[in-house]
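Every chain is numbered from 1 and lettered A, B, ... according to where its sequence line falls, protein lines coming before strand lines.
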Amino acid sequence: MTTSSLNEQQKAAVMYNEGPSLVIAGAGSGKTRVLTYKIAYLMEVVGLKPYQIMALTFTNKAAREMKQRIATMVGEEKARHLAMGTFHSQFVKILRAESSYLDLPSNFTVYDTSDSKSLIKSIVKEMQLDDKTYKPSAVLSRISAAKNKMIMPEAYDDAAGASVDFMRRMPKVKAVYAAYQNRLRQAGAVDFDDMLCLTNRLFAQYPQVLEKYQNRFQYILVDEYQDTNYAQYLIIKALAAKHHRVCVVGDDSQSIYAFRGADISNILHFQKEYAPAKLFKLEQNYRSTQMLVEAANSLIAHNRGRIPKHVFSENAAGEPVQVVEAYSDTEEAHMVAMRIARLTRSTTASYGDIAVLYRINALSRSLEDAMRNQGIPYVIYGGQSFYQRKEIKDVLAYLRLLVNPSDEEAFKRCVNYPARGIGETTINKVKEVSSTQQVSLFEVASNPLAYNLPVNAPTAKRLMAFTESLQHIAANMQQQNAYEVAVQVLNMSGIVNALKASADIAAESDLQNIDQLLGGIKEYVDKQLEEEGQEPTLAAYLTEVALLTDADNDSSDDADKVTLMTVHAAKGLEFPHVFVVGLEEELFPSCKDVESTEGIEEERRLLYVAITRAKEQCFLSYAKSRFRNGKTMYGMPSRFIREIDKRYVQHHAKGVSSFDFSRKDDSFFSRPTFVAQRKMPGLVAKPSAVSANTQSFTPLQHVVVGQKVLHEKFGIGVVSLVEESASGTRVKVQFEHSGERLLLLKFAKLKIID
DNA sequence: GGCTCTAAAGTTTTT
DNA sequence: CTTTAGAGCC
């Protein structure tokens, strides 16, 4: 392999392998390049085997992309065997393998955030605490913060000193935390934080297990080290303690996840912790113009306690950061849209070269409207994930329950849907017995008589019918792959029937999403068989999806569209033209963060990340008035605008003159409809969703009663009614084989048959 | 036990 | 303005 395409610092970082090293990688300095080259170098030159190298990232996407790049250097085969992935995906594997040490079944379930919240809600209720004070999200974030710091329930008081004032209003968090852990254990479940906590416990309590992995992973690399929390820090420390071959890469200036437990001191103190650690600084920015790099530098210079570095660019000088003032949020959005229209018209820039970034998702609305008005195609990243959707969670709950019948949250979800005459009262009784007898909900429900469940005969019968249908599937599950089981579940559970029978027009999109999920399972099964040659189990599939987010789904359809997203979501990406909107006090910086220096510094890093996404041009805008939470708010320009050195900023006093803001132009550019898509995997939007144009097919414009039509799923039918509703044109169709259905014209993939 | 209406609340979110 | 969660009704 050759390192000739690397600069001196990059090369040095790649080739140094004598001991711990810290690579401080400024924005756009070729961080991923160094990591990929280093991993290839370790295999090709140092002679390590792929499985001896552990490379940890924060997203599946980052891991996947890096793996691909390494594959092109050293070949598919070698790249495949690297222990490369997210912290969670790598350590969940170890936990499954070593579950016997941890009082955990090997088929343990992974609870996602909503499962955790739901469990906390139950606990708060059972403990008769005020659910206004003990809001599930608030309690979970307290528990999560404790877990990130490796504070177990027993030790919660002592170490949680910093949260005493918060605790005054919620003194029982410790008790809820203890109960929560108990219930997780009973359900055979772990939450996201547990994956790291339990790994630490495993390594701390069983030195022989730790040693096994220390011996296996001869070299450990960590990406985005500035975002690690204490639990992650401890794991790395333990694994590297024997051989000290560890390389962490990151940028303290881009640490923006403190609210999730990321501890910037991990990277700030790395050299001390791993002394004598070698430090490499990648300071040449290959992404942005000099002007933008200097502007960003002058902003971040206001932060204290940074690792000293001077990021520079040898690219073109470029233009200053453009600062624009708008009267209102609407005008701001309009100006951005106008500017985008102009950019694509008068320069070589295409829509895909442009991103609009904001501090909070709520700002996307006005931008969406403006984009639509200008006929600009756009994609919004973020929003609800595919796997968070109710219909998908419902299906997955059945699969989870099959794999792990103790799974409490899955049980509650399944028994509740589709409706089968088992309600809250019955469930409470089941819970009561389950708790006193120390057995699972499923166990009680399947033997209501044996456990003297105080319910009437029909209810007992319904409970048994429910559990028996699942047991039936479970019985021949061993001979089937994940896909086959899923198909069976859909038929047996009654989900598909319930949706097909539903008069709700949303049911159709639910069905399509479920179809999509099935397709995903099939894809997974095929991929596993082909790549790993192993029969994919349902348990393996469920673990994978539990650790998946929609950001991991490479979408094929965001081809040439303007990207709208939060600054957080933009981290790691780059665009020739970047607009950052809503630069007002109380918004960016956020009002929640203006109190403390740390808060402000994090917000400042956030803007630093935003500006450094831009390659050529960066626009910052603020609005004097903004419609927020139903009220018009008047804000001041963000302090951060003043903090950027004047030499790198160009102010535009009013948007009107400098941006050709005029109504005439507005109508000139507007086009009837444009295709915009949410960044979700082939997701079908619910009709209730506002984005009326969330689709990639061309919907029928006009349909008349008596028209013969063809539907993808329902087959041939005749239109019997056409009406206008709030959500669009609605048609009633009498299908030959699927009966009568109400469809929304813009969602139904209808074709006219002559 | 399941659906509809009204009230309260409203950052960022790699897993 | 929106969305979501609980109380009330059938």
Side-chain angles (χ1 to χ4, degrees), chain A residues 56-63 85-92 110-113 116-117 121 125 131-132 135-137 140-141 144 147-148 190-196 223-224 226-229 231-232 254-262 329 357-366 381-385 387-388 416-427 458-459 462 504 543-552 565-573 582 586-594 599 602-603 605-607 609-610 626-633 688-690:
Chain A
L56 301 169
T57 63
F58 276 84
T59 63
N60 296 300
K61 191 174 161 215
T86 63
F87 276 85
H88 294 80
S89 77
Q90 291 302 301
F91 295 119
V92 80
V110 175
Y111 271 13
D112 70 12
T113 312
S116 297
K117 281 186 198 160
K121 197 171 164 184
K125 202 165 190 175
D131 57 0
K132 288 267 176 352
K135 286 191 290 254
S137 54
L140 179 62
S141 79
S144 179
K147 286 189 180 182
N148 286 162
V190 303
D191 68 11
F192 285 135
D193 302 315
D194 281 337
M195 291 186 223
L196 306 175
D223 190 16
E224 307 278 17
Q226 77 281 356
D227 289 331
T228 50
N229 60 34
Q232 288 162 326
Q254 293 186 63
S255 165
I256 55 174
Y257 281 103
F259 68 94
R260 288 184 93 259
D329 49 349
L357 311 181
Y358 33 81
R359 177 65 244 266
I360 56 170
N361 283 123
L363 295 200
S364 73
R365 178 56 60 81
S366 55
Y381 277 70
Q384 199 189 19
S385 144
Y387 297 100
Q388 295 298 115
N416 190 253
Y417 181 84
R420 46 172 66 79
I422 304 170
E424 202 193 329
T425 347
T426 308
I427 296 307
T459 306
R462 288 189 209 117
D504 191 345
T543 306
E544 175 147 320
V545 297
L547 298 177
L548 224 63
T549 55
D550 55 68
D552 294 318
M565 59 178 147
T566 63
V567 182
H568 282 93
K571 194 174 142 200
L573 306 177
E586 311 267 276
L587 182 59
F588 200 167
S590 153
C591 58
K592 314 275 165 112
D593 270 325
V594 289
E602 173 121 339
E603 296 284 316
R605 289 192 292 268
L606 199 52
L607 184 58
V609 167
R626 184 173 296 279
F627 203 66
R628 266 229 278 176
N629 299 346
K631 279 193 279 266
T632 303
M633 316 279 277
S688 58
V690 196

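- Nucleic acid contact for A:D112: none, since no nucleic acid atom lies under 4.0 Å from a heavy atom of the residue.
- For B:dT13, the OP1/OP2 oxygens have no side-chain nitrogen or oxygen of A:T113 closer than 4.0 Å.
- Nearer to the 5' terminus of DNA chain B, by closest-nucleotide assignment, is the contact made by A:K135 (compared with the other of A:K135 and A:Y257).
- A:N60 has a side-chain polar atom (N or O) that falls below the 4.0 Å cut-off from OP1 or OP2 of B:dT15.
- By the 5.5 Å and 30° criteria, A:F259 is stacked with the base of B:dT12.
- Glycosidic conformation, B:dT11: syn, with the torsion inside 90° of 0.
- Ring geometry for A:F87 versus A:F58: interplanar angle of 30 to 60°, hence tilted.
- Spacing between B:dT11 and C:dG6 at atom C1', rounded to whole Å, works out to 25 Å.
- Side-chain contact check for A:V190 versus A:Y111: every heavy-atom pair is 4.5 Å or farther apart.
- You'll find that the side chain of A:S590 is closest to B:dT11, out of B:dT15, B:dG1, B:dT11.
- For the pair A:I360 CD1 and C:dT2 P, the interatomic distance rounds to 15 Å; values are reported in whole Å.
- Only the P atoms considered, B:dT12 is 16 Å distant from C:dA5, to the nearest whole Å.
- For A:K121 and C:dG6, the shortest distance from a side-chain N or O to OP1 or OP2 is below 4.0 Å.
- No donor-acceptor contact under 3.5 angstrom links the side chains of A:S116 and A:T113, judged on distance only.
- Under 4.0 angstrom from either OP1 or OP2 of B:dT13 there lies at least one side-chain N or O belonging to A:N361.
- Atom CZ of A:F627 and atom P of C:dT2 are 8 Å apart (whole Å).
- Of the charged side-chain nitrogens involved, at least one lies within less than 4.0 Å of a carboxylate oxygen, so that A:K571 and A:D227 count as a salt-bridged pair.
- Residues A:E224 and A:Q254 fail the side-chain proximity criterion, which asks for heavy atoms closer than 4.5 Å.
- Protein atom CZ of A:R628 is 9 Å distant from nucleotide atom C1' of B:dG10, rounded to whole Å.
- Here the side chain of A:R365 is nearest to one of C:dT3, B:dT15, B:dG10, namely C:dT3.
- A:D593 comes within 4.0 angstrom of a base, heavy atoms only.
- Using a 4.0 Å heavy-atom distance criterion, A:T426 is classed as a sugar-phosphate-only contact.
- Taking the nucleotide of DNA chain B with the nearest heavy atom to each of A:A569 and A:T425, the more 5' of the two is matched to A:T425.
- Judged by distance alone with a 3.5 Å cut-off, a donor-acceptor contact links the side chain of A:R260 to the base of B:dT15.
- Put simply, A:T566 has a side-chain N or O that comes within less than 4.0 Å of OP1 or OP2 on B:dT13.
- Between A:I256 atom CD1 and B:dT15 atom P the separation is 14 Å, expressed in whole Å.
- For A:R359, counting side-chain heavy atoms from C-beta on, the closest listed nucleotide (B:dT14, B:dT15, B:dT12) is B:dT12.
- Remark: the separation of the P atoms in B:dT13 and C:dT4 is 16 Å, to the nearest Å.
- Looking at A:M633 and A:R628, their side chains come closer than 4.5 Å, going by heavy atoms from C-beta outward.
- Here the C1' atom of nucleotide C:dA5 and the NZ atom of A:K117 are 13 Å apart, to the nearest Å.
- In this structure, A:T86 reaches the sugar-phosphate backbone alone: every heavy-atom distance under 4.0 Å involves primed, P, OP1 or OP2 atoms, never a base.
- Closest to the side chain of A:E603, from the set B:dT15, B:dT13, B:dT11, is B:dT11.
- How far CG of A:D193 is from CG of A:N148: 5.0 Å, rounded to the nearest 0.5 Å.
- Nucleic acid contact class of A:G630 (heavy atoms, under 4.0 Å, all strands): base.
- Atom OH in A:Y358 sits about 9 Å away from atom P in B:dT13, given to the nearest Å.
- Following rounding to the nearest Å, A:R605 (CZ) and B:dT11 (P) show an atom-to-atom distance of 21 Å.
- To the nearest angstrom, P of B:dT12 lies 18 Å from OH of A:Y381.
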